[in-house]
Amino acid sequence: MLPKELRLKKRSAFTATYKTGTSFHQDGITMFCGRINKEPFPTKAGFVVSKKIHKRAVKRNRIKRLMRESYRLLVKSSGSPLKYMSVIFVASAKLLNKDFKYINSAMTKLAGKL
RNA sequence: UAAAGCAGCCGGAUAAUCGCGCCUUGAGAGGCAUUGCUUUGAAAGGUGAGGAAAGUCCGUGCAUCCAAGGACAGACCGCCGGAGAAACUCCGGGCAGCGCGAGCUGGCGGAAAGUGGCACAGAAAAUAUACUGCUAACCACCCUUUUAGGGCAGGAGCGAGGGUGCAACGGUGAGGUAAGAGCAUCACCGGCGGUAUCGGAAGGUACCGGCCAGCUAAACCCCGGUCGGAUGCAAGAUUGAAACAGGCGUUUGAGGUGUCCGCCGAUGCCUGAAAAAUCGCUGGAGCUUGAGAGCAAUCUCAAGACAAGAUAGAUGAUUAUCAGGGAAAUAUUCCCGAACAGAACACGGCUUAUGAGCUGCUUUAUUCU
RNA sequence: AGCGGUAUCGUCUAGUGGUUAGGACGGGAGAUUCUCAUUCUCCAAACAGGGGUUCAAUUCCCCUUACCGCCG
């Protein structure tokens with residue numbers, strides 16, 4: 001789990017990030033990026049796993065937690081990215097029953113764009 | 001030994017590193033200000049998903065609004081007794097069905113108040129005798145003949161047979177008769193009613209009676225019982241700056257309260273939204289242990305502990321060892337290390353999903369003593 | 001989290017205790033034409049799954065599954 005200041009929380013912030021439109025895709029994870037950051041605040045991150053992916057909450061939570069843990073380790077090793085104001089990671093059905101290593105490699109590739 | 005039945009338990013453990021939510025203590029820093037208030041908060045300690053948290057199928061509490069009156073409608077329940085706040089809940093008993101048995105299952109009032117339905121087949125599907133059919137005892141008729149014999153189904157009698165169908169107006173056997181029939185005949189069985197008796201009741205048992213009443217109420221309905229209604233914690237309360245919405249006086253066309261009577265609604269004057277924060281929010285019809293009452297559900301008493309409370313939503317990631325399981329195989333090696341599944345106001349049930357096992361009691365079969 | 005609704009041929013739908021489950025579009029075959037279109041004839045194709053009530057269930061009742069909606 002991330003500390004509070006690195007989490008994207010408000011609904012308005014989510015819709016604003018989606019509107020900006022820059023997005024990247026890698027191995028079942030889609031990354032939406034918000035506006036370019038003008039001040040050196042750390043990027044806020046949000047994680048989305050839709051109900052369409054799986055009906056059961058346990059499996060959705062598992063994907064979400066793995067993505068979050070991977071992002072946390074990246075922040076810990078290389079510092080918080082500063083380029084964008086916000087970033088959202090959206091999972092697809094491809095990630096069902098995948099382990100930490102698979103998701104971590106995908107997240108690392110995406111983080112290279114930050 | 002094998003196969004079953006019932007009741008119950010468990011829902012992994014330990015350690016290391018890196019993290020998150022909440023609570024307590026709170027170094028330090030900032031602001032107001034003058035030794036108090038407030039904001040932020042390093043670090044430490046504590047604590048952090050379930051037996052179903054699920055489905056939302058029932059029932060409660062809690063909250064707001066409407067109404068607080070009457071009648072009707074409506075919804076739900078339905079063998080008896082008990083438990084429970086209540087329940088499409090639980091326990092015990094009865095009855096019916098299933099099973100060799102231990103046991104299991106049951107939405108289990110009324111079809112003799114009324115209405116409706118019962119396709120196809122069948123004579124007929126509910127007022128049975130319209131059809132087919134049986135009968136020459138009786139009346140009528142005919143023939144032979146003489147005190148009777150024969151014919152004839154017109155009258156009359158009969159409800160037995162009619163292959164159908166889920167179902168045919170009690171069943172089987174005997175007696176009886178012209179032919180027959182529950183036929184004021186008989187035996188056994190089924191159903192109905194009465195009496196006696198056992199039981200707290202549902203109901204059981206015995207005897208007697210007349211002689212029969214199809215199925216369907218998860219069709220309408222009847223009987224008995226219960227129920228203020230609506231909305232649901234995104235209920236709702238408080239704080240909160242500006243565009244825009246709510247509260248108080250006058251009148252009856254449309255609208256609302258399940259419907260009707262009855263009651264609120266439309267027009268003029270005064271105060272406040274959304275986002276956000278705090279509360280609601282977890283100490284409870286609760287949990288554990290022991291004693292007592294009861295066949296049991298459950299209740300009573302005593303002691304003890306309380307430790308999720310998030311809000312884009314924490315309870316995680318990686319690694320090692322062990323319990324445990326599987327395979328090879330024999331002093332070891334390899335693999336797995338789970339299944340169903342994640343709190344969102346709380347509780348009582350029901351239903352559905354679920355891995356590897358363990359414990360106790362009981363039944364049946366086989367073998368041995 | 002809470003509260004509702006729907007499910008019928010490939011698609012859109014009708015039916016509501018006894019039906020050969022009807023229709024339209026689409027598909028296939030044939031006829032008409034020199035060929036195609038149009039038109040005509042014929043054919044195939046469905047009651048979401050499981051259990052119960054009933055003589056009989058797409059229909060009535062219960063459970064499950066899938067989909068959709070409301071509420072900020």
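- Side-chain proximity of A/E69 to the nucleotides B/U318, B/C18, B/A343 is greatest for B/C18.
- Glycosidic conformation, B/G51: syn, with the torsion inside 90° of 0.
- Across B/G313, B/G316, B/U319, the shortest atom-to-atom separation from the side chain of A/R68 is found for B/G313.
- Nucleotide B/A293 has B/U298 as its partner under the Watson-Crick or G-U criteria, with both atom distances under 3.5 Å.
- Residue-level contact check: A/L73 touches neither bases nor backbone, having no heavy atom under 4.0 Å from any strand.
- Applying the 3.5 Å distance criterion, the base of B/C18 shares a donor-acceptor pair with the side chain of A/R72.
- For B/C186, the paired base is B/G173 (Watson-Crick or G-U wobble, both distances below 3.5 Å).
- One C1' atom belongs to C/G52, the other to C/A57, and the distance between them is 11 Å to the nearest Å.
- Listed pair A/R65 / B/G313 fails the phosphate criterion, with no side-chain N or O lying under 4.0 Å from OP1 or OP2.
- A heavy-atom distance below 4.5 Å is not found between the side chains of A/M107 and A/L73.
- For B/U271, the paired base is B/A245 (Watson-Crick or G-U wobble, both distances below 3.5 Å).
- Taking the syn range as angles within 90° of 0, the glycosidic angle of B/G232 is outside it, so the base is anti.
- Aromatic ring orientation, A/F89 versus A/F47: parallel (interplanar angle below 30°, classes split at 30° and 60°).
- For A/T108, the side chain to side chain contact (heavy atoms under 4.5 Å, CB included) criterion is met by A/L74, A/N104, not counting sequence neighbours.
- Taking the syn range as angles within 90° of 0, the glycosidic angle of B/A237 is outside it, so the base is anti.
- Candidate nucleotides B/C18, B/G342, B/U319 were compared by shortest atom distance to the side chain of A/N61, and B/G342 ranks first.
- For the P atom pair drawn from B/G103 and B/A201, the interatomic distance equals 28 Å after rounding to whole Å.
- Remark: the separation of the C1' atoms in B/C220 and B/G93 is 36 Å, to the nearest Å.
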